[in-house]
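Inspection log for the structure reproduced underneath, given as structure tokens.
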Amino acid sequence: VLNYASVHPPVHLLRYTVVQDISAVVRALEQGVKKADVDPAVKAVVICGTNGTFSAGADIRGFSSIQAGDRPSLASVIDLIERSEKPVVAAIEGMALGGALEVALGCHYRVAHAQAWVGLPEVTLGLLPGAGGTQRLPRLIGVPAALDLITTGKHVLAAEALKLGIIDEIMEENTIDAAIHLANKVSGQPLNSRRLSLKQVQSLPNMDAILSEALVKVKKQARGCLSPEMCVQAVKASVQLPFTEGIRKERELFNLLLSSGQAKALQYVFFAQRAAQKWTTSSGASWKTASAQPIRKVAVIGLGTMGRGIVTSLVKAKMSVVALEQDQKQLEVGARAVTSLLEREASKMPWIGQRPDACDPALLQFTLDFSVLQDADLVIEAVFEDMALKKEIFHKLSAICKPGSFLCTNTSALDIDEIASATSRPHQVIGTHFFSPAHVMKLVEIIHGRHTSPITIATAMGLAKTIGKIGVVVGNCFGFVGNRMMAPYAEQAVFLLEEGCKPKEVDQALEGFGFNLGPFRMLDLAGLDVGWRSRKGQGLTGPKLAPGTPARLRGRRRYSPLPDLLCENGRYGQKTGRGWYQYEKPGARIANPDPWLHNFLIRYRDAHHIKARFIDEEEILERCLYTLINEGFQILDDGIASDPEDIDVIYIYGYGWPKHRGGPMFYASTIGLPRILAKLQKYSEAHPDIPRMQPSAFLKKLVFLGNPPLKEWMSHAGHQSSKL
Ligand SMILES: CCCCCCCC/C=C\C=C\CC(=O)SCCNC(=O)CCNC(=O)[C@H](O)C(C)(C)COP(=O)(O)OP(=O)(O)OC[C@H]1O[C@@H](n2cnc3c(N)ncnc32)[C@H](O)[C@@H]1OP(=O)(O)O
């Protein structure tokens, strides 16, 4: 929406609000600038937004309709602004993101409110700033700082933007008045020195090294995501080419990204993450009707690895926390660990040092006294995965805590209803599955039991948001969503070892796909004893296993005892220095192939008469990923996840699924469900003893219905509907 408002003659004000129709805004901006240019009464122009916001950039939903080649129009309007003979000043309030910052870079001056912030988030959407941003920003602030902003998409506050040279002045108030004042002041002055396209990029003696190091860094971090790499290439063009040729290169790279498919996946993730906040449950509870209760004081029970991370996250969010342990020694060890985590977090954020209130230790109390928990608004139990222990604690909590307090259990698999049954308030009991390390990982699965009230769900979701996490509401079943889908994936990885692969081959295939860690490196990091304890608990191995059970069968299902055998040999992963790999010493991180393990696999195959065969990367990927996806369809059909978007958010933020592939369910939609089904059918015929490979009924149904788009899937599941 554009107003050509003559509010403070002779300065003319162009006002914008939401950029939903990019072409309309670009046209209106063009007309406004042209009109001001030819109007002799106008001496200068100020561009600002409405309602305290300059602009958050383009409506991302509109990108799908942009065709390669459409894009230059914003760029040419920015050129027009820059070429204007009358000074154009950007008055930045709120935020200037993406195309909006590019518009501001085309202006001759930029004034910002002290609370404003700017950024070029295009890279996070699989794109690059395609309206001259990659050419103008390096000319304005130099290559290292421009690379940092453009390749990460990070936002910077006005003070930082001033330091970098992005903006010229900061205002505590009346930003628009200040911009008008500046526009009047500079009216009539020469503008060439303010036109970024005419500037040279500041040369640096080690420019080649800076660019090549940036490329190496983004390639390493991006794991196959193209946009950061293309951003570096575009900035490189600003150094090596004249402005107009740099712009041509920027456009070429932008068009390449636009047609890559990755941009579509990343934009899907943007909306999926937001859609996950609008939770619903299969019983009809929803974010619309349940409101979160205020949480002022949180108690955390257990200061093991998970408890420490949870406490750290809460304190970082400035919540008042009581941390409880069962004996003095564990309390002291836990307290020291939390203090060191908080110190490390503060050192990662140097600006926190300037704020004495950040990570305030007064917010944190360590205790052995259960009764201190009585006035906590919410308690998170984070002891280890032992049902009897958890039930005992919940029974105690139920008696001690004030009537309104919410009781959360941090579990990765256990039955929430059974834990809730130990209390007199099952409607206030909920699962909060944090991911390790809990002060770093973004995801929290919020698991509602049969009796969990909508207010309890809303409160747990609210807490996740307050501490900067992404909560996803899921139903109660063994492993919930994430670990339930992980089980067939990890199972396939081990079966592939039995059949002839080495751990590194499987890991390389999945890391090549884009995972942070392949399954074996991940298992070594998490600790193999965790799964071993769980399998012993389920009677799959250990003393509860019925005598005479065949080594590689449980019932009629294929089972691999390999992980159990490793544990029996004391190989628990990184922490013992041996697992699927060997490590220099216990706790070391670099995984090296282990000849002992390779020989062990040979002996194992011989003992079980398995003929090793060569397994190519395609089979590794299909068997691991398609079985995981297959479980995802089963989960949707069971109503454990209410949408494919929720599963995708869980996998991206909890399991390192490559974001540019949009999550497992989105990925399935790009592969095509008929292909996934056909492959599962082929593999399950070859391995009839692996039930998790048999295609889910819901997948079959969707294929039968003609492979509908992802946003329509849930309308065929009967009771659910997509939120996108
Ligand atoms: C005066 C200057 C004129 C400017 C002219 C500009 C012309 C632009 C032309 C072309 C430009 C192309 C390049 C780009 O601009 S790329 C887009 C760059 N912008 C972004 O990436 C911003 C993305 N959004 C965010 O980072 C956040 O949403 C933020 C704006 C910081 C607000 O955060 P928060 O307060 O936490 O709110 P939510 O994230 O929950 O968002 C609220 C709802 O708004 C929807 N939303 C937000 N941004 C967009 C967007 N860019 N496009 C479409 N929808 C958006 C979001 O989905 C939420 O909706 P809902 O609740 O329904 O899910």
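We're numbering straight along the sequence, starting at 1. Counting convention: from 1, in listed order, for ligands and their atoms alike.
- Between the T53 side chain and the S55 main chain, no donor and acceptor come within less than 3.5 Å of each other.
- Near P121, meaning under 4.0 Å from any of its heavy atoms, are these atoms of ligand 1: 18 (C), 19 (N), 20 (C), 21 (O).
- Any N or O atom pair closer than 3.5 Å counts here, and A58 shares at least one such pair with ligand 1.
- Close approach of ligand 1 to F271 is summarised as follows: ligand atoms under 4.0 Å from at least one heavy atom of the residue are 53 (C), 54 (N), 57 (O).
- In this structure, E102 falls outside the shell of residues with a heavy atom less than 4.0 angstrom from ligand 1.
- Atom numbering of ligand 1 starts at 1 in the shown order; those under 4.0 Å from a heavy atom of W117 are 31 (C).
- Checking side-chain atoms of H108 against main-chain N and O of R195 turns up no donor-acceptor pair under 3.5 Å.
- A salt bridge links D79 with R136: the closest approach of a Lys/Arg side-chain nitrogen to an acidic carboxylate oxygen falls below 4.0 angstrom.
- Nearest approach of A265 to G662, heavy atoms of both residues: CB-N, 3.7 Å.
- Under the 3.5 Å distance criterion, the side-chain polar atoms of T289 are left unmatched by any main-chain donor or acceptor of A285.
- Judged purely by distance below 3.5 Å, without hydrogens or angles, the side chains of E345 and T312 never pair a donor atom with an acceptor atom.
- Residue G57 approaches ligand 1 through these ligand atoms, each under 4.0 Å from one of its heavy atoms: 15 (O).
- By the criterion of a heavy-atom distance under 4.0 Å, the side chain of L125, and not its backbone, is placed next to ligand 1.
- For ligand 1, none of its N or O atoms has an N or O atom of S55 under 3.5 Å away.
- Taking every non-hydrogen atom of E122 and a distance limit under 4.0 Å, the qualifying atoms of ligand 1 come out as 13 (C), 14 (C), 16 (S).
- R27 has no carboxylate O lying under 4.0 Å from a charged side-chain N of E30, or vice versa, which leaves the two without a salt bridge.
- Distances between N or O atoms of G99 and those of ligand 1 include at least one value under 3.5 Å.
- With hydrogens and angles disregarded, a donor-acceptor distance shorter than 3.5 Å links the side chain of W713 to the backbone of P708.
- In terms of modelled atom types and a separation under 3.5 Å, the side chain of Y651 and the main chain of G482 share a donor-acceptor contact.
- No donor-acceptor pair under 3.5 Å is formed between the side chain of D37 and the backbone N or O of S84.
- Any N or O atom pair closer than 3.5 Å counts here, and G49 shares no such pair with ligand 1.
- Within the set D59, I47, T53, the minimum heavy-atom distance to atom 53 (C) of ligand 1 is found for D59.
- At under 3.5 Å, a nitrogen or oxygen of K278, whether backbone or side chain, sits near a nitrogen or oxygen of ligand 1.
- For ligand 1, the atoms sitting less than 4.0 Å from at least one non-hydrogen atom of M95 are 30 (C), numbered in the order shown with element in parentheses.
- For a threshold of 3.5 Å applied to N or O pairs, the pair formed by A56 and ligand 1 contains at least one separation below that value.
- The residue from P129, G119, A275, A100 that puts a heavy atom closest to atom 6 (C) of ligand 1 is A100.
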